[in-house]
Amino acid sequence: MRREEKSDVISALQSSLKDANGVFIIENHGLTVKEFEALRNELRPLVSVFKVVKNRLMKLALKDTDFEPVSDMLKRPTAVAVATDSLAVTKVLAKFADEHPNLTIVGGKMDADVLDVDGVMQLSKLPSLLEIRSTIARILVEPASRLARVSAEYGKKEQ
């Protein structure tokens, strides 16, 4: 890779990091190309970037960003997922790691927390924002629907 190409890769990574709310690191050894493509396809709607990147280039891209602590995790050949929906990415990575034991999740950073493997796995078990909203909506609607059912039954008794 020439110097210009390297600087282009670094600037592309830096621009995607500006809009990201999480960065996750996985080790890409032991996966077949077909398995890696399957993971890439699952992550595509949830990430701005998911690619194998040279550790040195990624460390340069992470420099002076909120995600700089992640650079300590870049030791072996890695793939980087720059997430736009961090919680959903943790769910996909955890599910894929269960199905493919060769996948090694190294860790990541989401909001202010630097996560190790256990942190990523714990986050993957949390409900998504959509699930939380639906639970709240169900809680709010439940009393009204009960009142409507009781009123309907009471109306049937009168006739």
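Note that the numbering runs from 1 along the sequence shown for the chain.
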### Message
Please list all pairs meeting salt bridge (charged side-chain N to carboxylate O under 4.0 Å, His left out) that have one or both residues in residues 14-26, counting only residues at least two apart or in different chains.
### Response
none
Distance-only check: which donor-acceptor pairs under 3.5 Å involve side-chain atoms of residues 51-61, not counting sequence neighbours?
{"residue": "Asn55", "atom": "OD1", "partner": "Thr78", "partner atom": "OG1", "Å": "2.8"}
{"residue": "Asn55", "atom": "ND2", "partner": "Arg76", "partner atom": "O", "Å": "3.0"}

### Summary
By salt bridge (Lys or Arg N to Asp or Glu O under 4.0 Å), Arg3 pairs with (sequence neighbours left out) none
### Query
Are Val23 and Met110 in one and the same hydrophobic cluster, where Ile, Leu, Val, Met, Phe, Trp and Tyr link if side-chain heavy atoms are under 4.5 Å apart?
no
### Point-to-point distance, once rounded to the nearest 0.5 Å, from NZ of Lys63 to CG of Leu17
15.0 Å
### Query
Is Phe50 linked to Leu31 within one hydrophobic cluster, defined over Ile, Leu, Val, Met, Phe, Trp and Tyr using a side-chain heavy-atom separation of less than 4.5 Å?
yes
### Message
If you define the side chain from C-beta out and look only at heavy atoms, does anything of Leu103 sit under 4.5 Å from Ile26?
### Response
yes
### Query
Same cluster or not: are Leu74 and Phe67 linked, directly or through other Ile, Leu, Val, Met, Phe, Trp or Tyr residues, by side-chain heavy atoms under 4.5 angstrom apart?
yes
### Message
Let me check something: do Leu115 and Ile105 share a hydrophobic cluster, defined by ILVMFWY side-chain heavy atoms less than 4.5 Å apart, either directly or through other members?
### Response
yes
### Query
Charged N to carboxylate O below 4.0 Å: is that the case for Glu142 and Arg146?
yes
## Note on the structure
Rounded to the nearest 0.5 Å, the CG atom of Leu62 sits from the CD1 atom of Ile10 at a distance of 10.5 Å
### Query
Between Val106 and Val47, is there a shared hydrophobic cluster once you connect ILVMFWY residues whose side-chain heavy atoms come closer than 4.5 Å?
no
## Note on the structure
Smallest heavy-atom separation, Gly119 atom then Asp116 atom, equals N-OD1, 2.9 Å
### Query
Counting distance only, does the side-chain N/O of Glu153 pair as donor-acceptor with the main-chain N or O of Arg149 below 3.5 Å?
no
Distance-only donor-acceptor pairs under 3.5 Å for side chains of residues 36-43, two or more places apart:
{"residue": "Glu37", "atom": "OE2", "partner": "Arg40", "partner atom": "NH1", "Å": "2.7"}
{"residue": "Asn41", "atom": "OD1", "partner": "Arg44", "partner atom": "NH1", "Å": "2.7"}
{"residue": "Asn41", "atom": "ND2", "partner": "Glu37", "partner atom": "O", "Å": "3.2"}

Per-pair distances, 0.1 Å, donor-acceptor, side chain in residues 82-94, under 3.5 Å, sequence neighbours excluded:
{"residue": "Thr84", "atom": "OG1", "partner": "Leu46", "partner atom": "O", "Å": "2.9"}
{"residue": "Ser86", "atom": "OG", "partner": "Asn21", "partner atom": "O", "Å": "3.0"}
{"residue": "Ser86", "atom": "OG", "partner": "Asn21", "partner atom": "OD1", "Å": "2.7"}
{"residue": "Ser86", "atom": "OG", "partner": "Gly22", "partner atom": "N", "Å": "3.3"}
{"residue": "Thr90", "atom": "OG1", "partner": "Leu87", "partner atom": "O", "Å": "2.5"}
{"residue": "Lys91", "atom": "NZ", "partner": "Ser124", "partner atom": "O", "Å": "3.1"}
{"residue": "Lys91", "atom": "NZ", "partner": "Leu126", "partner atom": "O", "Å": "2.3"}

### Task
Identify, with sequence neighbours excluded, every residue that meets salt bridge (Lys or Arg N to Asp or Glu O under 4.0 Å) alongside Arg138.
none
